[in-house]
Amino acid sequence: MTRKEKIISFACQHLLLFVALYVMTLGIAACVKSMLGASVISVLPYVFHNAGTGGLTPSLTIGQYTFIMNALLVVGQVGVLRRQFDPVQLFQLLVGFVFGMLIDLNLYLLSWLQPEAIWEKAVAQLAGCTILAAGIALEVRCGSVTMPGEGFPVAISKVTGIEFPKVKIVVDVSLVLLGIVFCYIFF
């Protein structure tokens with residue numbers, strides 16, 4: 001592969017990553033607007049954002065809290081992997097920042113979406129989950145840097161030898177449980 005082909009491939013790969021992030025965050029925003037639930041990666045940021053509107057935490061957006069959580073997941077990877085941590089994975093911080101900003105952008109773009117009847121909320125939730133799934137499929141296909149929500153379980157799996165799917169489920173359930181705990185603390 002020539003240098004020019006490598007540059008074009010790199011650019012296409014990261015353009016696809018940006019599109020995937022946009023689609024994923026559009027799905028997350030639709031789920032949040034449905035008022036029936038949020039994606040696993042958005043549970044804690046959503047709880048902290050709502051606590052912030054009541055003055056219990058800093059008044060940050062869901063996207064800003066998402067970036068903070070993603071940064072903590074990258075720090076967790078460094079702590080788990082130590083010398084095995086590949087510095088190129090620090091690119092996850094940039095991806096996490098863009099991801100958080102796109103969540104806020106899509107929440108703004110969907111500000112008109114105010115479902116009231118349960119069937120309207122269900123349709124918004126179903127649409128959000130479907131859009132999010134399409135975004136995840138695009139993200140996996142682009143083969144770029146791992147998102148922090150997957151990078152942390154990958155790090156734990158690498159160190160412990162436990163299969164990634166099992167670790168991912170434990171991490172995701174832990175994030176939801178933390179969301180529940182913080183709901184009880186704040187509300």
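Here the structure is a predicted model, which is why all the values come from computation and not from measurement.
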Step by step, would you call Phe97 with Leu102 a side chain to side chain contact (heavy atoms under 4.5 Å, CB included)? CA-CA 9 Å; Phe97 178 74; Leu102 288 173; over 6 Å; no
Under the side chain to side chain contact (heavy atoms under 4.5 Å, CB included) criterion, do Val74 and Asn70 qualify, and how do the steps go? CA-CA 6 Å; Val74 173; Asn70 281 330; 5.7 Å; no
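- Contact of the Leu175 side chain with the Met69 side chain is registered, since non-hydrogen atoms from C-beta on lie closer than 4.5 Å.
- Side-chain contact check for Tyr65 and Ser42: no donor-acceptor pair (N or O, by modelled atom type) lies under 3.5 Å.
- When the side chains of ILVMFWY residues are joined at heavy-atom separations under 4.5 Å, either directly or via intervening members, Val140 and Val95 end up in a single hydrophobic cluster.
- When ring centroids are compared, Phe182 and Phe48 come within the 6.0 Å threshold.
- In plain terms, the two heavy atoms of Gly37 and Gln125 that are nearest each other are O-OE1, 3.5 Å.
- Taking hydrophobic clusters as Ile, Leu, Val, Met, Phe, Trp and Tyr residues chained together by side-chain heavy-atom distances below 4.5 Å, Ile62 does not share a cluster with Phe67.
- Within a 6.0 Å sphere centred on CZ of Phe18, heavy atoms belonging to other residues, nucleotides or ligands number 12 at most.
- With a 4.5 Å cut-off on side-chain heavy atoms, Val173 and Val40 do not count as touching.
- Without hydrogens or angle criteria, Asn106 side chain to Ala29 main chain gives no donor-acceptor distance under 3.5 Å.
- A ring-centre distance under 6.0 Å is found for Phe10 and His14.
- Looking only at distances, no side-chain donor or acceptor of Gln89 sits under 3.5 Å from a matching main-chain atom of Asp86.
- Panel note: side chain Ser157, backbone Pro153; no donor-acceptor pair is recorded below 3.5 Å.
- In terms of hydrophobic clustering, with Ile, Leu, Val, Met, Phe, Trp and Tyr side chains grouped at heavy-atom distances under 4.5 Å, Val88 and Leu73 are assigned to different clusters.
- Residues Val176 and Val170 fall into different hydrophobic clusters, defined by Ile, Leu, Val, Met, Phe, Trp and Tyr side chains chained together at heavy-atom separations under 4.5 Å.
- The backbone N or O of Gly149 sits less than 3.5 Å from a side-chain atom of Lys168, completing a donor-acceptor pair.
- Inter-residue side-chain proximity for Glu139 and Leu17 is flagged as met; some heavy-atom pair is nearer than 4.5 Å.
- Among residues two or more places apart in sequence or in another chain, the ring pair (Phe, Tyr, Trp, His ring centres under 6.0 Å) test is passed with Tyr46 by none.
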Yes or no on side chain to side chain contact (heavy atoms under 4.5 Å, CB included) for Ile131 and Val23, after CA distance, side-chain angles and deciding distance? CA-CA 6 Å; Ile131 294 166; Val23 173; 3.9 Å; yes
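- Looking at heavy atoms from C-beta onward, Ile41 lies out of side-chain contact with Asp172 at the 4.5 angstrom threshold.
- Contact annotation: the side chain of Thr25 never approaches that of Leu107 to less than 4.5 Å [non-hydrogen atoms, C-beta and beyond].
- Ser9 contributes no side-chain N or O that, together with a main-chain N or O of Glu5, makes up a donor-acceptor pair within less than 3.5 Å.
- Closest heavy-atom contact between Met24 and Leu132: O-CD1, 3.5 Å.
- The shortest distance between side-chain heavy atoms of Cys12 and Ile8 falls below 4.5 Å.
- For the pair Val19 and Leu138, the minimum side-chain heavy-atom distance is below 4.5 Å.
- Rounded to the nearest 0.5 angstrom, Ile7 CD1 and Met1 CE are separated by 11.5 Å.
- In this structure, Phe152 and Val80 have side chains that are in contact, with non-hydrogen atoms separated by less than 4.5 Å.
- Residues Gln114 and Glu120 bring no donor and acceptor atom of their side chains to less than 3.5 Å of each other.
- Formation of a donor-acceptor pair under 3.5 Å by the Thr146 side chain with backbone atoms of Gly151 is not found in this model.
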